[in-house]
Amino acid sequence: MTQPSRPQDGRAALASFVTNRLGRANARPAPAETKAPPANDSPQDFEKLTGYRELRLQRSAADLIGLGNPFFRVHETRAGAQTRIDGEALSNYSSYDYLGLNGHPAVSGAARKAIETFGTSASASRIVAGERPGHLKLERALAAHYRTDACVVLVSGHATNVTAIGAILEAPDVIFHDALIHNSVVTGAQLSGAQRRSFAHNDPAALEKLLEATRHEHRRALIVIEGLYSMDGDAPDLAAFVELKRRYDCWLMVDDAHGLGVLGRTGAGLHEHCGVDASDVDIWMGTLSKTLSSCGGYICGPSVLIEYLKCTAGGFVYSVGMSPPLAAAADAALSVMQAEPERVERLRRNGHQFLALAKKHGLNTGSSLGLAVIPIIVGDSLKAVTLSDRLFKRGINVQPIIHPAVPERSSRLRFFMTSEHTPEQIAQTVATVAEELSALETGATLIEQLMARRGA
Ligand SMILES: Cc1ncc(COP(=O)(O)O)c(C=O)c1O
C-alpha cells in the first residue's frame, strides 16, 4: 500500500488554521486593572503547562474534521477479544489480556477468596502494616518462574521501573537503554541521577560502540532492554546482549512486561524465545497488568538486591502494599498460564494469521513478529486517528498511537491480539482495515475535508 501523498504544506495549513482558532478561543477580555499580568500570561496558568497547547491543538484539529475522541472510551463489559461501548458490540484490539485470563473463574475466584479473608486493601506499606501470605506466595512463584533467588512486587508496573532503577543507580553510574524503551525506564534513570545513553532499537552493535567508547567513564552500568517491544511488537537478540553485558561488566535488566505469556513456546518470556538461560539476566522486571490480568509490577533477581529494594526503595517503603485480591489474582493467572500452554499457542496462531493477512493486503506492519502486538503504520497522527474513528464506526475498537508516543511519520494503529480472537474475526478485521485505509488514501485529504467543511 502506498504511503500518504499529502503535501507537507497541508499539515502546516491545518496547524496554522487550528492555531488561529485556538488563539481566538483562548483570548480573554483584558482586566480593568493591569497591575498583575493578565491571567493567560501567567506561568501559573495551567493552560501554560508544557504540552497542554499541543494537546488542545490535536483535539481541536480532530473536532474540526468531526472525529470522535478515541481515548478514554467507557467499556460496559470485560474488554477482551470483544467489548461493548455505548451499547454496541465491537471486536476489541485494545486489551493487554493476551491469554484471556481476566475474568477466568480461577483468577476471579482467587481474588474473591482473598477479599473474604483480607479485605480489599493492604492498608499501608508492607514494612509498616506487615505482609499478607498472598504477597509472599506471588513473589515465590515469580522468582521460581525466572529462576532467581527472590522477587518483590510493587503496586504499579510503571512505579516498579522508576523505583528500582532510581534506587540501584546514582550519579557516577550509567544506564544504556534501547531507544524505544518504555517511559518508566527513562523516568527511573532521570530519578537516579545516572548518565543516560540510548542505543538504536534492537541493535547490539550500536550498544557495543557506545560501551567501547564510554563504559570506562562510569562506575556501575546497567543495560535495559524489553522482552517484546510494545509499540513495534519485535524482540531483541537476548544472547547478544548477555555477551555484551559480560564483556563490559554491566548488569542486564529485561523489562518483560509484554514478553510474559507471549514469548517462547510456553510463554515463559524472552529467555525462552531466545533459548537463553534466565539466570544469564541480572534483573527480570515485568508487570502484572498484562498477561496476569491484575495490577502491579515485579523485580526478580538476587536476594541481596531484593532485600535492598524492600528496605530502601522509596516506591516500596513509602507506598502501600499490593491489594491482597490483586496479588491473589496475579498468582492464580500465572498458574493457569503455566498449566495451559495451549493458550500461548492460540495467541501465536492468531498473531501469525493477522500478520500474514496484513502483509497480503500490503499493510505496513513494521518489524512486528506477529505475536501479541501488531502495528499498522499509516503515517501522520491525523490519518491514524481518522482510520481508528472509521474502524470504530465499523465495529472495531483499536487505538491510534500518535506523536509524541511515536515519531510523527510513523503514527499507527496498534492491534493487541489475544488467544480469544477467532480466525473469522481476524480475517474480517484485516479486510476492513485494508478497505478503510485504501478509501482514506484515495479519498479527499484531511485538509481538503476540513476546507470543504468550512465552505472554502
Ligand atoms: C514495557 C512496559 N514497562 C512497564 C509498563 C508499566 O506497566 P503498568 O501499566 O502495569 O504500570 C508498561 C505499560 O504498558 C510497559 O509497556
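On a predicted model such as this, the values are computed, not experimentally measured, just so you know. Every number for a ligand or one of its atoms is a count from 1 in the order of the listing. Hydrogens, waters and symmetry mates play no part in the numbers below; they use all other heavy atoms, side chains included.
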Counting from 1 in the order shown, the ligand 1 atoms closer than 4.0 Å to a non-hydrogen atom of Lys290 are 7 (O), 8 (P), 9 (O), 10 (O), 12 (C), 13 (C), 14 (O)

Exactly one of Arg394, Gln425, Gln428, Gln82 clears side-chain hydrogen bond (donor to acceptor under 3.5 Å, both in side chains) with Ser91, and that residue is Gln425

Atoms in ligand 1 flagged as close to Glu226, the criterion being non-hydrogen separation under 4.0 Å: 1 (C)

Atom 3 (N) of ligand 1: which protein heavy atom is closest, and how many Å away? Asp255 OD2, 2.6 Å

Could you tell me which atoms of ligand 1, counted from 1 in the order shown, lie closer than 4.0 angstrom to a heavy atom of Ser289? 8 (P), 9 (O), 10 (O)

Could you tell me whether Lys113 atom NZ has more than 12 heavy atoms of other residues or ligands within 6.0 Å of it? no

Which class fits the ring pair His421 and Tyr93: parallel under 30°, tilted 30 to 60°, perpendicular over 60°? parallel

Identify the closest protein heavy atom to atom 5 (C) of ligand 1: which residue and atom is it, and at what distance? His182 CE1, 3.4 Å

Quick check for you: to the nearest 0.5 Å, what is the distance between Leu211 atom CG and Ile223 atom CD1? 5.0 Å

So is Ser184 touching ligand 1 or not, going by heavy atoms under 4.0 Å? yes

Using a 4.0 Å cutoff against the non-hydrogen atoms of Thr287, which atoms of ligand 1 qualify? 4 (C), 5 (C), 6 (C), 7 (O), 10 (O)

Of all protein heavy atoms, the one nearest atom 16 (O) of ligand 1 is His258 NE2, 2.7 Å

Does a salt bridge link Lys245 with Asp280, judged by any charged N lying under 4.0 Å from a carboxylate O? no

Could you tell me whether Arg126 and Glu139 make a salt bridge, using a distance below 4.0 angstrom between a side-chain N and a carboxylate O? yes

Quick one: which ligand 1 atoms are inside 4.0 Å of a heavy atom on Gly157? 6 (C), 7 (O), 8 (P), 10 (O), 11 (O)

Quick check, are the ring centers of Trp284 and His145 under 6.0 angstrom apart? no

At what distance, to the nearest 0.5 angstrom, does OG of Ser121 lie from CG of Leu326? 10.0 Å

Does ligand 1 have an atom under 4.0 Å from some heavy atom of Tyr96? yes

Atom indices of ligand 1, in the order listed, that fall short of 4.0 Å to a heavy atom of His158: 6 (C), 7 (O), 8 (P), 11 (O)

